[in-house]
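Take a look at the structure set out below.
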Amino acid sequence: MKRDIIIIGGGIVGLCAAYYLQKSGKKVTVIDENSITDSTSFGNAGLLSAFDKTPLSYPGVVLNTLKLMLKGQSPAIIHPSFDLKVYRWLARFILSANEKRTKKTMMLFEKYGEISLQLYEKMISEDSLDFDYHRDGMLSVFTEEESYKQRLQKYNYVDEQRFKILNKDELLEYLPSATSKIKGAILFKKNAYFDSKRVMLELKNHLEKAGVEFILNEKINSIRVENNEVKHLVSSKNIYEAEHYIMSTGYQTLLAQKCGKDLMMTPAKGYSITFEMEEKFKPKTSTIFNDLFVVMTPRRDNVRFTSKLEIGSSDVKVVKKQIESIKKNFFEYNLPFEMKNEIYWTGFRPLTPNDIPLIGRDDEIKNLTYGMGLGWLGMTFAPAIGTILTDLIVNDKKNAHSDDILLFSGFYQ
């Protein structure tokens, strides 16, 4: 059976592409090597951080990371590797850490982040999807005096619609567990958050009811390309044919390599801890501890921490030492409380050197499109990416004819 569209990968980008392609009238199949119930999208903090959140590569990131390493609080770990691509990626990451690049990236974050928030809100209202969605802003907490002063210099004006610098009493309203060790906090009002697990399950259930086909626990081993066109996909069990293919395989690039595409991306291992806690200590909104790279997000039934950024690791297991490190860093600046029914997760984020995704049609293979490299921002931008990919495919556009691709694809940065 020949399908209209096959999407390889059932993360949030794959599901959002399926959502908009199905609405356009296409018959869509999603193939994933797992059950898609434990993917990187499921382990996401749920913070939709398009506004007033610097990219990973920003001016001063190297020095700041070294300082935190000396204090034993650095979230970043770089493992020695024989893979030269890791070092190429690191070199480009460092080159991207400049004021001009950061300013451009943040402008793009705002543009496509706002589009995505509006699209999520439309999904909720039109399709009655329960995302546990809140547009209550993002609390940005600083544990280092220097980084807080630097941020205050950038927000030395009044904009009540955008942000508010909190005093100590206001900080405790938003973060009841905060101690006097915290140097300052700013509430950025335009951001939102939701329950990432709930989003994935709601979207999958909705898509299945709408007729999207899911083939799960089946790994695509190879892609057959003839005359600059994908002929079919091959798994250990079956051969799959479609008119068009979307590659949305997260951090895994082997299939892209088989198509002759060397994607500048590296897997970065991260962790999450999901737990229950007393209501009196729960944060009022999603909270990011900037200097620790810890995000704490309240959800309907629990709370989630996410943290760590391990480059060069291939270990798929939860390392208890990293879990304890996250807790230690957090409780250095927060009152102790009991974390009940803890659930640990680890997975790999597909990071590009400048936080810009790798999206768009293949230069040579006419019926292959990429939706990759969203890193820690997959949830933040997935609906916008889904509409961009749908526009390319449904209207048979070239990359050069899509302003969104030229603006927001790492292939053109």
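Closest approach of S177 and F337 over heavy atoms only: CB-CE2, 4.2 Å.
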Worked verdict on F109 versus F381 for ring pair (Phe, Tyr, Trp, His ring centres under 6.0 Å): CA-CA 8 Å; F109 280 8; F381 298 124; 5.3 Å; yes

Practice problem: Test ring pair (Phe, Tyr, Trp, His ring centres under 6.0 Å) on F51 and F163 and set out the steps. | Solution: CA-CA 10 Å; F51 299 91; F163 70 92; over 10 Å; no

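One finds a salt bridge joining R135 and E114 here, because a Lys/Arg side-chain nitrogen approaches an Asp/Glu carboxylate oxygen to under 4.0 Å. Here R198 pairs with D130 in a salt bridge; the nearest charged N to carboxylate O distance falls below 4.0 Å. Under a 4.0 Å N-O distance rule, the pair K23/D127 qualifies as a salt bridge. Under a 4.0 Å N-O distance rule, the pair R3/E243 does not qualify as a salt bridge. Salt-bridge check for R300 with D195: failed, with every basic side-chain N at 4.0 Å or more from each acidic carboxylate O.
No more than 12 heavy-atom neighbours from other residues, nucleotides or ligands sit within 6.0 angstrom of NZ on K398.
For the residue pair Y344 and Q322, no side-chain donor N or O sits within less than 3.5 Å of a side-chain acceptor on the partner. Looking at Q413 and K104, their side chains do bring a donor and an acceptor atom within 3.5 Å of each other.
Residues passing the side chain to side chain contact (heavy atoms under 4.5 Å, CB included) test with N34, sequence neighbours excluded: D32.
Taking the ring axis of Y271 as reference, the NZ or CZ atom of K308 does not stay both within 45° of it and closer than 6.0 Å to the ring centre.
For F142 and F289, the gap between ring centers reaches or exceeds 6.0 Å.
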